[in-house]
Amino acid sequence: MKGKWINAAVSLLLVVVVLVGACSEAGSPPTATPAPTVAPTAKITSVPTVPPTAKATPAPTVAPVAKATPAPVAKATPAAPPAPKPTSKPLSKSAPPPKPEKVVALVESFGQEAFMPNGDSQQAYSQLPNYESLWDMEPATRQLRPMLAETLPEWSQDGKTLFINLRQGVQFHEGYGEMTAEDVKFTIEMVAAPNSVSAGKAAMSRSRVEILGPYKLAVHLQGTDWTWPLENATVSRLILPIVSKKYVEKVGEKEAGRHPIGTGPFKFVRHEVSKELEFEAVPNHWRITPDYKTLVIKLISEPATAIAMLRTGEADIAAVPLSFVPEAKAAGLDIRTIRDVSVIGIALGGQYLPAKETFDPNVPWVLAKEPERALKVRKALNLAVNRQEIIEKVLNGIGDPWPIIAAPVNVQASYDPAWKPYPYDPEQAKRLLAEAGFPNGFSVTMLQFPASGHSTRELAEAVSIYWEKIGIKVTRQQIDLATHRTRQTGRKNAGFAFPAWRNTWDDEMIGAASFFWSKSTGFNIQFEYPELDDLIAKGTNEPDFEKRQKINYEFHKKIYDNYYSVPITREHMTLGVSKRIGDWPLLMANPFVTGYEHIKLK
């Protein structure tokens, strides 16, 4: 009898061992440690308020902490890591309802007013609170955190496949059902489509999406593309707002762009073209229920008008150009500052690859057959500008001269203290022009346009005056931002000069691919050269942070030495807010007005 019990126990133990082994084999992740593109524990250190005088300690916002394991050849879809437990719970039904109050925000542009992921409205839909993306960022640190994705990005062993685990139960507005993997795949493919003009087209085009289940996707990338999650996560460039496949297919892209439906804490109510947008808070939203019921975003392009509306109580929030800060303070407004949102300067249009249809080899700062002459012209245009005087007299002392078109947050680990702001030397500028064959100067058109949060028109006018002092004949041309975007994406600014800026990114190579890459579809493209293309290709495919910083250094040294643009200053954004606005955690180094759902009223 005792022997029978022993035999039965042994048999049962064998069954358990077999079952456990089978479960482990079916659900275990790859045996090698994945090489993540985002280090969830990495945080940005404090940004210096003056140009650093020594090399900064590396403080990556996104960086693997060790070298990636050599990648084996992928045979099929790599095994996905097991789905993690939810990182947050849906909002309780007992959440307080929104207060029956209205907040009015003012912006300077709605873009082309087609509020879809594949449109050229990145500035507009990055401000639309009815949309959400897969990830967003902690306001104080810019550290990546889950949003519609349940977890931070997860990677296959070879680093070429990104797995996305979606939250369950997130609903689209107006009864269009639960957000699933079908909607995410549909959105990514919309951004990557040939007819897309989205700033995210290049990144999304480098991916192929596979649905593994209702709430799980695999994004297959071309190489070890560590930049992909950040390309669609940065709040200031919400290039992947997830849309409802069912809704877009039902009404068509055009109608869906006029009446956008998402999953955000506000739902769309109405849109008056070139005037305003209205949204209403979603009660018991899965993420956050706004403190107030109604949000209106109005289009106001004149800063003086915006300040007047803030003063009279017609508006609650507006970006205030630095030149208007004294007026805003005199009006009794609460001024809130976001430091180092960008670096701004003047771009010298037409520095395109010769193969581009709009390339003009005779532009004075291009001179394709005589590059040394062109270099002298570019240097002269830089030495003609007194940056410190612009900051003091035009920007009311708010800013710091900066030598490269890259935000300080991005280049802490690759900045060279030897890069000093170009000096003010108008006499040498005149000599350089004469040596380049332009003793009497030449003619140039300076484009002037408003851009929310940037002192574009003021800087364009100041630089025009300095250039005129060395003999350049400057014609001012006023255009709107939407027209400028179209010209830029079509590479139609050869021979024109215009204000241009670089916003803060979460790794420098992501920004470089948007602003200086010949294949960029972004509107803020500033110049492109084959050697820069090569460095961008190396940087975007290098997962090792330290190696990437060496590429960043080489990239910016080439730009600094060749005077490709006219950098002016590190730019800090100032917001004027009414006395009704209480606590509002603003995203660090973000140049757009976002996070309306986090506003608390007094």
Side-chain angles (χ1 to χ4, degrees), residues 97-116 121-132 173-174 235 238 241 256-283 285 287-320 328 331 333-334 336 450-453 480-482 573-587 590-602:
K99 300 171 184 174
E101 296 189 43
K102 178 170 68 175
V103 168
V104 177
L106 309 180
V107 299
E108 292 183 352
S109 175
F110 284 161
Q112 295 181 346
E113 303 197 51
F115 306 117
M116 290 294 286
S121 296
Q122 72 171 41
Q123 177 169 321
Y125 62 64
S126 72
Q127 297 166 335
L128 296 189
N130 62 308
Y131 279 137
E132 292 176 311
H173 306 149
E174 302 187 25
V235 176
L238 187 60
R258 285 196 293 252
H259 188 103
I261 287 179
T263 61
F266 286 93
K267 64 180 180 181
F268 176 84
V269 176
R270 62 182 178 85
H271 171 210
E272 291 186 47
V273 176
S274 299
K275 290 186 178 181
E276 64 183 43
L277 295 153
E278 183 178 331
F279 304 89
E280 183 179 301
V282 176
H285 185 262
R287 179 166 58 90
I288 181 173
T289 295
D291 192 41
Y292 54 98
K293 182 178 181 181
T294 304
L295 170 67
V296 175
I297 303 177
K298 289 180 177 286
L299 181 61
I300 300 293
S301 60
E302 291 298 326
T305 303
I307 292 173
M309 293 178 67
L310 288 169
R311 185 173 57 244
T312 60
E314 298 174 77
D316 298 290
I317 300 164
V320 177
L333 300 178
D334 179 9
R336 304 189 186 184
S452 182
D480 60 76
L481 185 58
M573 183 177 180
T574 48
L575 294 178
V577 301
S578 71
K579 299 186 184 300
R580 301 175 59 231
I581 304 300
D583 183 51
W584 183 16
L586 294 167
L587 178 64
N590 176 37
F592 298 111
V593 183
T594 56
Y596 293 112
E597 66 270 27
H598 297 294
I599 293 174
K600 298 296 184 183
L601 299 182
K602 292 181 180 177

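The model shown is predicted, which means the values in this text are computed figures rather than measured ones. Values reported hereafter were calculated over all heavy atoms of this structure, with side chains retained and with hydrogens, waters and symmetry mates removed.
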Do [X] and [Y] have side-chain heavy atoms sitting under 4.5 Å apart?
X: Val593; Y: Ile317; answer: yes
X: Val296; Y: Leu277; answer: no
X: Val107; Y: Ile300; answer: no
X: Pro283; Y: Pro97; answer: no
X: Pro98; Y: Tyr292; answer: no
X: Val103; Y: Tyr596; answer: no
X: Lys102; Y: Leu295; answer: no
X: Pro265; Y: Val282; answer: no

Practice item. Kindly give the heavy-atom pair with the smallest separation between Ile297 and Pro129, and that separation in Å. Key: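 Smallest interatomic distance, heavy atoms only, reads CD1-CD, 4.5 Å.
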Review point. Can you name the nearest heavy-atom pair linking Val320 to Gly576, along with the distance?
Key: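 So the two residues come closest at CG2-N, 3.6 Å.
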Pairing residues for [X] by the side-chain hydrogen bond (donor to acceptor under 3.5 Å, both in side chains) criterion, not counting sequence neighbours:
X: Arg336; result: Asp334
X: Glu597; result: Arg287
X: Lys267; result: none
X: His271; result: Glu113

Exercise for review: Please confirm whether Phe268 and His173 have ring centers closer than 6.0 angstrom.
Suggested key: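 When the ring centroids of Phe268 and His173 are compared, they turn out to be at least 6.0 Å apart.
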Review point. Is the Tyr131-Phe266 ring centre distance short of 6.0 angstrom?
Key: no
**Study point:** Asn130 side-chain N/O to Pro260 backbone N/O, donor-acceptor pair under 3.5 Å
**Key:**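 A pair under 3.5 Å: yes.
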Review point. Can you check whether Leu601's main-chain N or O pairs, donor with acceptor, with Trp584's side chain at less than 3.5 Å?
Key: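 Judged by distance alone, no pair lies under 3.5 Å.
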Report the residues that fulfil side chain to side chain contact (heavy atoms under 4.5 Å, CB included) with [X], sequence neighbours left out, ordered by chain and then residue number.
X: Lys600; result: Asp291, Asp583
X: Ala315; result: Val104, Leu106, Met309, Leu310
X: Ala256; result: Met116, Tyr247, Val248, Val251

**Study point:** Neighbour count >12 (heavy atoms, 6.0 Å) for atom NZ, Lys99
**Key:**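 Yes, enclosed.
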Exercise for review: Mind running side chain to side chain contact (heavy atoms under 4.5 Å, CB included) on Thr294 and Phe279 for me, showing each step along the way?
Suggested key: CA-CA 6 Å; Thr294 304; Phe279 304 89; over 6 Å; no
**Study point:** Selection residues 270-279 - residue pairs positive for salt bridge (Lys or Arg N to Asp or Glu O under 4.0 Å), sequence neighbours left out
**Key:**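 Sorted result for residues 270-279: Arg270-Glu272, Arg270-Glu276, Arg270-Glu278, Glu276-Lys298.
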Check your understanding: Mind checking what makes salt bridge (Lys or Arg N to Asp or Glu O under 4.0 Å) contact with Glu302, not counting sequence neighbours?
Key -> Arg457
Point to revise | side chain to side chain donor-acceptor pair (under 3.5 Å) partners of residues 305-320, not counting sequence neighbours, each pair once | key: Thr312-Glu314, Asp316-Ser578, Asp316-Arg580
Exercise for review: Would you check if there is a donor-acceptor pair between the side chains of Thr263 and Glu132 at a distance under 3.5 Å?
Suggested key: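 There is such a pair (donor and acceptor under 3.5 Å, judged by atom type) between the side chains of Glu132 and Thr263.
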